[in-house]
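No experiment lies behind these values; they were computed from the predicted model shown.
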Amino acid sequence: MRLLYSIGIAFAGIIIKIIALFNSKLKLGVLGRKETFRKLKNSINQEDKTFWFHCASLGEYEQGLPVFEALKSKYPNYKVVISFFSPSGYEIRKNTKIADVVVYLPLDTKNNAKRFLNIVNPDFIVFVKYEIWPNFLFEIKKRNLNAILISAVFREKHSFFKWYGKIMRLALFAFNHIFVQDESSKSLLESIDYNNVTLSGDTRFDRVTNQLSIDNAIPFIESFKNNKTCVVFGSTWPDDDELFLDYINSCKNDDVKYIIAPHNIKPSYAENIKSSLKVNTLRFSEMKDEELSTYKVFILDTIGYLSKVYSYADIVYIGGAAGTTGLHNILEPAVFGVPIIIGKNYSKFPEALKLISLNGVTTVKNKIEFSEKLEDLIKHPEKIQLQGDINKNFVADNKGAVGKVLNYIKL
């Protein structure tokens, strides 16, 4: 079975290289993996004590970051290696200050696993959420290295719990401990006799709570908002644009302003949004000495500001669920105590399901529903306050996962 898996990985590697000739994102990964071992050799010495943190992409990085930061603070003499599988994580966080070196994870072959571990020689390993790579994990177990999986979520449909998933199931046992987000995940692990498991919750609650302890002031956003009601559209995609652009164009309320932070910040896409709007609109990339308070819409076509921008929001729409790209992080605005609107495809996101049941998050199926729900909130400030409090309290009640993980780690 392991041989078949390894053959499959090798074949997949060939296919990826071919497709990468026509796909810029895959090309980044292919080229980046060629540099992995060189970068590691230039950054890590055999006598170094090291942490190895691995994430699939940006979302898992953000999920693991509070644990990474806490370990780095507690053990400042350890070097930190962070690996990503996806270009969308690596390209955005390749210069993160938490790490001594950031690399792409090599393809999951036996030789790559041995070579990677020979160079890094990690004293402690943290994988985040879904990342199960059998050849790496079997080599970790063979070397008796300390490894944990945090913020894990398991579902009955996953291969670990199917007759054909033996190799994936065995790989789980390379982890000394698994920290899961929910009781269902814990029960599923115990059903395959994996018992070193702790129900810790989701580290993202700790991550977003940390946002409250930093300075979230953004002077240009403050000037733009100008003490008026502010609706923020965070991490939006074209399917989301279809819901709200007509509403903005038809809105006659001069006391409401809008900030659009598209997931895709390419100039052509940001300009397309601007050209679709009939109201006074400014892009961040065009901002010079304009009087920001005179604009109705501000397009945040840059990265690094959105989590702070949410502190200025009175109402937030989070993108990704209007289509099939996947709902973006609703906890980031929730921590600031604002009501949230999302699209209709949210069933795979437990925090959304819970907050919908609590009435802190509102879902909409089309632009008519969107207009009705947003208009209702704008006209009733008491609803803004009530729903915002529900979201803020939900985050506060669910933090603490990081402490449970740290209590386990003894170096």
Side-chain angles (χ1 to χ4, degrees), residues 48-57 59-85 89 98-100 102-103 105 108 113 116-117 120-155 158 160 168-207 398-411:
D48 290 332
K49 289 183 175 297
T50 59
F51 290 125
W52 172 26
F53 304 142
H54 175 64
C55 318
S57 191
E60 289 77 15
Y61 169 84
E62 297 296 339
Q63 201 156 28
L65 187 58
V67 174
F68 306 161
E69 290 175 331
L71 286 174
K72 182 64 175 177
S73 176
K74 189 174 181 180
Y75 302 99
N77 295 327
Y78 282 64
K79 284 191 173 180
V80 171
V81 176
I82 293 181
S83 60
F84 287 97
F85 183 79
I98 192 67
D100 294 278
V102 180
V103 296
L105 184 75
D108 187 31
F116 187 97
L117 291 169
V120 178
N121 192 27
D123 293 271
F124 202 85
I125 303 165
V126 180
F127 279 32
V128 182
K129 198 171 184 178
Y130 292 131
E131 286 297 90
I132 309 297
W133 295 107
N135 281 323
F136 270 93
L137 288 168
F138 289 143
E139 190 63 27
I140 286 169
K141 186 173 179 63
K142 181 179 177 181
R143 298 181 185 214
N144 199 31
L145 298 174
N146 291 317
I148 62 173
L149 179 65
I150 65 171
S151 285
V153 176
F154 296 98
R155 296 291 177 259
H158 290 167
F160 312 107
M168 300 299 288
R169 188 159 54 246
L170 290 174
L172 288 176
F173 285 80
F175 292 112
N176 300 101
H177 207 92
I178 297 178
F179 294 85
V180 297
Q181 293 189 31
D182 54 36
E183 187 65 48
S184 175
S185 296
K186 184 173 184 289
S187 297
L188 284 169
L189 286 174
E190 291 172 344
S191 74
I192 59 170
D193 294 325
Y194 188 99
N195 297 306
N196 296 328
V197 54
T198 295
L199 175 58
S200 61
D202 189 342
T203 52
R204 287 183 303 160
F205 289 97
D206 298 80
R207 171 67 175 148
N398 284 278
K399 65 182 181 180
V402 172
K404 293 177 182 177
V405 174
L406 293 180
N407 287 337
Y408 168 82
I409 300 173
K410 307 295 181 183
L411 299 178

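Across Lys404, Lys186, Gln181, a single residue satisfies side-chain contact (heavy atoms from CB on, under 4.5 Å) together with Leu199, and that is Lys186.
At distances below 3.5 Å, not a single donor-acceptor pair connects side-chain atoms of Glu62 with backbone N or O atoms of Gly59. Without hydrogens or angle criteria, Asn135 side chain to Asp108 main chain gives a donor-acceptor distance under 3.5 Å. No donor-acceptor pair under 3.5 Å is formed between the side chain of Ser151 and the backbone N or O of Val128. Side chain of Ser187 to backbone of Glu183: a donor-acceptor contact under 3.5 angstrom is found.
The nearest pair of heavy atoms linking Ser185 to Ala152 is OG-O, 4.2 Å. The two residues Phe68 and Val126 come nearest to each other via the heavy atoms CE2-CG1, 4.2 Å. Here the closest non-hydrogen pair linking His177 and Val197 is NE2-C, 3.7 Å. Minimum heavy-atom separation, Gly89 to Ser57: N-OG, 3.5 Å. Residues Leu188 and Arg155 share a closest heavy-atom pair of CD1-C, 3.6 Å. Smallest separation of non-hydrogen atoms from Phe160 and Arg169: O-NH1, 2.8 Å.
Contact check for Phe53 versus Val81: no side-chain heavy atoms found under the 4.5 Å cut-off. Within the 4.5 Å cutoff, side-chain heavy atoms of Val153 are placed close to those of Asp182. Residues Val405 and Asn407 have side chains not in contact (no heavy-atom distance under 4.5 Å, counting atoms from C-beta outward). Within the 4.5 Å cutoff, the side chain of Ser200 has no heavy atoms near those of the Ile150 side chain. At a threshold of 4.5 Å between non-hydrogen side-chain atoms, the residues Leu149 and Phe179 do not count as touching.
You'll find the ring centres of Phe173 and Phe175 outside the 6.0 Å limit. When ring centroids are compared, Phe85 and Trp133 come within the 6.0 Å threshold.
Rounding to the nearest 0.5 Å gives a distance of 10.0 Å between CZ of Phe51 and CD1 of Ile98. A distance of 3.5 Å separates CD in Glu131 from NE2 in His54, rounded to the nearest 0.5 Å. Rounding to the nearest 0.5 Å places NZ of Lys79 at 12.5 Å from CG of Asp123. Separating the CD atom in Gln63 from the CG atom in Leu65 is a distance of 11.0 Å, to the nearest 0.5 Å. Distance check, rounded to the nearest 0.5 Å: CG of Asp48 to CG of Asn121 gives 9.5 Å. Interatomic distance, OG1 of Thr50 versus OH of Tyr75, reported as 14.0 Å (0.5 Å rounding).
With 3.5 Å as the limit, one finds no donor-acceptor pair spanning the side chains of Asp206 and Thr203.
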Evaluate the criterion side-chain contact (heavy atoms from CB on, under 4.5 Å) for residue pair Leu117 and Ile140; output intermediate values, then yes/no. CA-CA 8 Å; Leu117 291 169; Ile140 286 169; 4.0 Å; yes

Which is it for Trp52 and Phe116 under the ring-ring contact (aromatic ring centres under 6.0 Å, His included) test, yes or no, and what are the steps along the way? CA-CA 11 Å; Trp52 172 26; Phe116 187 97; 4.6 Å; yes

CA sep, side-chain torsions, deciding dist, call: Leu172, Leu189, side-chain contact (heavy atoms from CB on, under 4.5 Å): CA-CA 9 Å; Leu172 288 176; Leu189 286 174; 4.0 Å; yes

I would like to know whether Tyr408 and Thr198 meet side-chain contact (heavy atoms from CB on, under 4.5 Å); could you show each step before the answer? CA-CA 10 Å; Tyr408 168 82; Thr198 295; over 6 Å; no

side-chain contact (heavy atoms from CB on, under 4.5 Å), that's the test. Do Phe124 and Leu145 meet it? Break it down for me. CA-CA 7 Å; Phe124 202 85; Leu145 298 174; over 6 Å; no

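Taking the charged nitrogens against the carboxylate oxygens, Lys129 and Asp202 have no contact shorter than 4.0 Å, which rules out a salt bridge.
Applying the ring pair (Phe, Tyr, Trp, His ring centres under 6.0 Å) rule to Phe84 yields the partners Tyr61; only residues at least two apart in sequence or on another chain are considered. Under the side-chain contact (heavy atoms from CB on, under 4.5 Å) criterion, Ala99 pairs with Val80, Ile82, Thr96, Val102, sequence neighbours left out.
At most 12 heavy atoms of other shown residues, nucleotides or ligands fall within 6.0 angstrom of atom CG in Asn144.
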